[in-house]
Amino acid sequence: MEDQERTPVSIFTQVDKDVFLRDICPERRPALLRGVDLGPCLEKWTLEHLRLRGGDQDVKIHVSTVPQMDFLHKNFVYKTLPFNEFVKRASEKKHSDFFLSEDEHYYLRSLGEDVRKEPADLHKQFPHLAEDFHVPHFFEPDQFFSSVFRISSCGLQLWTHYDVMDNLLAQVTGRKRVVLYSPQDALHLYLSAGDKSEVLDIDSPDLKRFPDFLKAKHYECVLEPGDLLFIPALWFHNTTALQFGVGVNVFWRHLAADCYDKKDPYGNKDPVAAARALQALERALHTLEELPSDYRDFYGRRMIQRIQKRTYCDSVSATKTKEDSDSTLPSMPFTKPG
């Protein structure tokens, strides 16, 4: 896609906790960290080792006939397999045993013991593998939220979404392409279903449906085994497994603990204050529907101007603010999103 601005993610080496907290985390931008000690997992997590040490416990997985998984339209099914059988299938390009087709794709996102209450924790779900993985200590122990074990078939692409907590994506085996977009480009990403973008094909988007997508600045990197990618909260990301790959996401609470929904085992619900604000906005928009269309348009624009004035960060450039303002104030009558 030639017209979209692309920027490589900055690479840092010899990063310890002090460097991370002083030079990287405060910038609130993605960073690729190389040379951080992830433990013996880099040498030990072969297919044979994963199957042997992971055992035959059942895991819930995504299965799709196409590599581009779409959470909005659910083009995949959930299935259950013993972990060692799942690893075998996920590493294959053609399957003698399959659910949907011989070239189906697999994806594992580990879950807590009680999926409705407990976040994923590598040490609890896969203790014999967890001993090989060293969690980077870039945050305080009481900030830890989850460690998510992820395994993807070659070619598997996951939908663009954001998380509400900071996280480190550790790539242990295989190579992975990651594309990211700033929270300040949210207006150009056509959000639906909360934290997900409607633009499924980010390399060849349907510009008739999503004309403003090209305005979103595109950050990109390729993770090699041993790489860590810092993804700050609210940064949108889209991942593609260039090879069969194994990784671990470590999430932690960047904000005070009481800012987050306590009944959120996945860590993807909006902060409590944000959820209240969005609910208040929906009520306000519902109230505006009592007015004729020209009045709704006028007062909707006034509401947008107040939101921009009260919430836009000082770090956003004047040019950027103007671009967002132009895209936010349409020439068509104001309508509520969704």
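All values reported here derive from a predicted model rather than from experimental measurement.
When each of Y219, W235, F213, Y162 is checked for a ring-ring contact (aromatic ring centres under 6.0 Å, His included) with Y181, only F213 meets the rule. Between D227 and the choices R34, K176, R175, the side-chain hydrogen bond (donor to acceptor under 3.5 Å, both in side chains) rule is met once, by R34.
Between F139 and V250, the shortest heavy-atom distance links the atoms CZ-CG1, 3.7 Å. A pairwise comparison of heavy atoms in M303 and L285 identifies CE-CD2, 4.5 Å as the closest pair. Considering every non-hydrogen atom in both S64 and N75, the closest pair reads OG-O, 3.2 Å. Listed here is the closest heavy atom pair of W45 and L129: CZ2-O, 3.3 Å. The minimum heavy-atom distance linking G174 with Q243 is given by the pair CA-OE1, 3.4 Å. Contact detail for D166 and C25: the closest heavy-atom pair is OD2-SG, 3.9 Å.
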Residues V63, Y107; criterion side chain to side chain contact (heavy atoms under 4.5 Å, CB included); working and verdict:
CA-CA 7 Å; V63 183; Y107 169 59; over 6 Å; no
Derivation of the ring-ring contact (aromatic ring centres under 6.0 Å, His included) call for W159 and F71
CA-CA 7 Å; W159 51 89; F71 194 86; 5.0 Å; yes
Set out, in order, the CA-CA distance, both residues' side-chain angles and the distance that settles side chain to side chain contact (heavy atoms under 4.5 Å, CB included) for D163 and M165, then state yes or no.
CA-CA 6 Å; D163 299 299; M165 296 185 190; 5.6 Å; no
Pair F236-H161, ring-ring contact (aromatic ring centres under 6.0 Å, His included): steps then yes or no:
CA-CA 5 Å; F236 295 85; H161 69 284; 8.7 Å; no
C221/L229 under side chain to side chain contact (heavy atoms under 4.5 Å, CB included): CA gap, chis, key distance, verdict:
CA-CA 9 Å; C221 64; L229 178 62; 4.0 Å; yes
Can you list the steps and then say if F230 with F20 is a ring-ring contact (aromatic ring centres under 6.0 Å, His included)?
CA-CA 10 Å; F230 170 53; F20 180 79; 5.0 Å; yes
Side chain to side chain contact (heavy atoms under 4.5 Å, CB included), that's the test. Do F138 and L21 meet it? Break it down for me.
CA-CA 7 Å; F138 291 169; L21 293 179; 5.7 Å; no
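In terms of modelled atom types and a separation under 3.5 Å, the side chain of D264 and the main chain of G267 share a donor-acceptor contact. No donor-acceptor pair closer than 3.5 Å links the side chain of N238 to the backbone N or O of V179. Using a distance-only test at 3.5 Å, with no hydrogens or angles considered, a donor-acceptor pair links the side chain of S197 to the main chain of L189. In this structure, S182 contributes its side chain and Q184 its backbone to a donor-acceptor pair below 3.5 Å. A donor-acceptor pair is defined here as one N or O able to donate and one able to accept, closer than 3.5 Å; such a pair exists between the side chain of Y190 and the backbone of D212. In terms of modelled atom types and a separation under 3.5 Å, the side chain of Q157 and the main chain of M69 share no donor-acceptor contact.
Checked against the 6.0 Å centroid criterion, the rings of Y260 and W252 do not qualify as a close aromatic pair. Between Y106 and H95, the ring center distance clears the sub-6.0 Å criterion. The aromatic ring centroids of F126 and F83 lie less than 6.0 Å from each other.
Contact check on D58 versus K79 returns no salt bridge, with no Lys/Arg side-chain nitrogen under 4.0 Å from an Asp/Glu carboxylate oxygen. With salt bridges taken as basic N to acidic carboxylate O contacts below 4.0 Å, one links E140 and K17. Salt bridge R6/E220: present, at least one basic N to carboxylate O contact under 4.0 Å. A salt bridge is absent between K74 and D70; no separation between the charged side-chain nitrogens and carboxylate oxygens falls under 4.0 Å. We find that D203 and R177 are joined by a salt bridge, their nearest charged nitrogen and carboxylate oxygen being less than 4.0 Å apart.
There is a side-chain donor-acceptor pair under 3.5 Å between Q125 and E113. Neither side chain, N84 nor D56, offers a donor N or O lying under 3.5 Å from an acceptor on the other.
Taking a 6.0 Å sphere around CD of Q14, one finds it holds 12 or fewer heavy atoms contributed by other residues, nucleotides or ligands. Crowding of R116 atom CZ: a count of heavy atoms from other residues, nucleotides or ligands under 6.0 Å not exceeding 12. The number of heavy atoms from other shown groups lying within 6.0 Å of CZ (F99) is above 12. Other residues, nucleotides and ligands contribute only 12 or fewer heavy atoms inside 6.0 Å of the CZ atom of R29.
Side-chain atoms of L32 and L228, non-hydrogen and from C-beta on, never get closer than 4.5 Å to each other.
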